[in-house]
Every structure is written in C-alpha cells, then in structure tokens.
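All remarks here apply to the structure that follows.
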Amino acid sequence: MMNEKVRALLNQQINKELYSAYLYLDFSNYFEERGLDGFANWYYIQAQEERDHAMLFYRYLLNNNEKVTLEAIAKPDKVLDSDMTVLKAGLEHEEYVTSLINDIYAAAYDVKDFRTMQFLDWFVKEQGEEEENANDLITKMELFGSDPKSLYMLNSELGARVYTAPSLVL
C-alpha cells in the first residue's frame with residue numbers, strides 16, 4: 001500500500017500536468033493570434049506532452065491499485081503581452097513543475113517508496129530537458145527575435161517539431 005502523502009502528491013500532479021497542458025494551449029493560442037504558427041505548433045506539442053504526463057501519473061496510480069482523484073483544472077492566468085513574456089512564463093512554469101516532481105520524489109524517499117522513486121526518475125530527466133528547451137527558446141528569441149527574417153526562420157524551425165509520445169514503461 002502506498003504512503004498517503006505520496007499518493008496525494010501523485011494525484012495532485014495529475015491536475016498540475018493537466019493545468020500545464022491548458023497553459024501551453026493558451027500560449028499556442030497567443031502565438032496563433034500573432035501569426036507565428038511555428039511557435040504555436042511548439043506549444044501545442046508541449047500541451048500534448050503535458051497531457052500525456054498526466055496520464056502517466058494516472059496510470060501509475062491505477063497500476064498500483066491506488067484511487068485516482070480528479071479535481072477541477074484551473075484556468076490559465078498568465079498575462080501574455082509579448083512573445084518574450086510567454087517564453088519566460090514557460091521557463092518559470094517548467095521550473096515550478098520541476099519543484100513539484102522533486103517534492104514527490106522527496107516524499108517517496110522519506111518512506112523508502114523505491115518503486116515511486118524509480119517511476120519519477122524519468123520525470124526528473126524530462127524536467128531537465130524541458131528547462132533546457134525553455135532556456136534555449138529564450139536565448140534564440142533574444143538573439144533573433146528583433147529581426148523579421150531571423151524570427152521567420154526561428155518560427156519555421158519551431159514549426160517543424162513533431163509530437164512523439166513518451167516512452168516510459170509503467
């Protein structure tokens with residue numbers, strides 16, 4: 001039987017991941033309205049990834065005979081008033097999600113829940129990649145965002161991104 005605190009944090013993470021998907025859909029909408037379809041694509045794919053992350057937590061709880069409790073998903077509340085604001089909000093959010101994963105890992109560690117720790121190892125690595133990607137987008141926007149031709153090329157690069165489902169085996 002899973003520790004109550006660990007189970008509660010895993011259930012909360014489902015909601016946090018679904019919120020992340022909503023947030024990134026909001027970012028995608030922002031860029032669609034700006035005519036930057038590549039940026040919109042990049043965040044649309046981010047939304048798909050976050051939804052799949054939620055489902056991984058969902059499936060993990062069910063596979064361990066634990067009750068899943070679904071809560072309301074909050075409406076995204078970020079003020080999106082510039083391209084850079086959106087990108088920086090994305091990095092900030094990824095850092096927040098990293099802290100949530102770390103909190104679950106610490107709770108699992110405290111009760112010697114090695115199975116959950118092993119499950120979370122993939123997310124720890126994934127969050128490192130997510131933060132790196134968000135930082136890279138900010139750097140590229142700082143370098144190229146003010147030049148229309150460079151912005152067009154960056155937008156085209158982001159538009160080429162395709163979705164690949166996570167390969168985590170539960």
Side-chain angles (χ1 to χ4, degrees), residues 9-61 68 70-105 119-146 148 150-170:
L9 289 171
L10 290 167
N11 264 297
Q12 289 170 14
Q13 193 62 29
I14 295 169
N15 182 274
K16 300 295 185 183
E17 298 288 344
L18 291 171
Y19 172 80
S20 296
Y22 271 30
L23 181 66
Y24 289 143
L25 279 176
D26 200 31
F27 290 4
S28 181
N29 286 337
Y30 168 85
F31 285 114
E32 284 286 351
E33 290 172 3
R34 289 260 302 118
L36 293 170
D37 59 337
F39 282 83
N41 175 65
W42 200 87
Y43 279 109
Y44 182 79
I45 289 172
Q46 282 298 109
Q48 289 177 297
E49 284 187 4
E50 302 303 341
R51 181 202 62 219
D52 282 353
H53 293 171
M55 297 311 296
L56 290 170
F57 282 99
Y58 173 86
R59 179 54 45 204
Y60 179 75
L61 284 168
V68 172
L70 301 175
E71 301 292 338
I73 302 166
K75 178 182 177 182
D77 61 353
K78 300 286 183 191
V79 176
L80 309 177
D81 56 7
S82 74
D83 299 346
M84 188 58 81
T85 300
V86 175
L87 300 182
K88 288 184 176 181
L91 173 60
E92 179 184 302
H93 186 72
E94 288 302 337
E95 291 170 340
Y96 169 67
V97 172
T98 297
S99 75
L100 295 172
I101 299 296
N102 290 343
D103 289 346
I104 303 169
Y105 202 103
F119 168 71
L120 292 171
D121 283 341
W122 183 86
F123 288 96
V124 170
K125 181 177 182 278
E126 175 73 6
Q127 281 310 120
E129 292 171 6
E130 295 292 0
E131 287 184 28
E132 181 181 355
N133 289 337
N135 267 315
D136 286 349
L137 272 178
I138 291 168
T139 299
K140 288 177 180 179
M141 183 60 88
E142 288 171 343
L143 289 171
F144 310 119
S146 61
S150 297
L151 182 60
Y152 175 81
M153 290 176 65
L154 179 56
N155 186 63
S156 295
E157 175 187 324
L158 297 177
R161 182 180 185 200
V162 294
Y163 178 68
T164 24
S167 59
L168 179 63
V169 178
L170 300 178

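Note that the numbering runs from 1 along the sequence shown for the chain.
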**OP:** Compare all side-chain heavy atoms of Ile14 with those of Asn11 and state whether any distance is below 4.5 angstrom.
**Re:** yes
**OP:** Return each pair, listed once, that meets salt bridge (Lys or Arg N to Asp or Glu O under 4.0 Å) where at least one residue sits in residues 16-29; pairs must be two or more places apart or across chains.
**Re:** none
**OP:** Please round to the nearest 0.5 Å and tell me the distance separating atom CG of Leu70 and atom CG of Leu18.
**Re:** 8.0 Å
Original post:
What orientation do Phe57 and Phe119 show, parallel under 30°, tilted 30 to 60°, or perpendicular over 60°?
Top reply: perpendicular
Subject >> Other residues, nucleotides, ligands: >12 heavy atoms within 6.0 Å of Tyr105 OH >> reply: yes
Subject >> Gap between atom OG1 of Thr139 and atom CD of Glu132 - 0.5 Å precision >> reply: 10.5 Å
Original post:
Can you name the nearest heavy-atom pair linking Leu154 to Met141, along with the distance?
Top reply: CD2-N, 4.2 Å
Subject >> Between NE2 on residue His93 and CD on residue Glu130, distance to nearest 0.5 Å >> reply: 10.0 Å
Original post:
Quick check, are the ring centers of Phe27 and Phe39 under 6.0 angstrom apart?
Top reply: no
Original post:
What's the spacing between Thr164 OG1 and Gln48 CD if we round to 0.5 Å?
Top reply: 10.0 Å
**OP:** Kindly state whether the ring of Tyr30 and the ring of Tyr43 have centres lying under 6.0 angstrom apart.
**Re:** no
Subject >> Separation of Tyr96 OH from Leu91 CG (nearest 0.5 Å) >> reply: 15.5 Å
**OP:** Kindly give the heavy-atom pair with the smallest separation between Tyr19 and Ala74, and that separation in Å.
**Re:** CD1-O, 3.3 Å
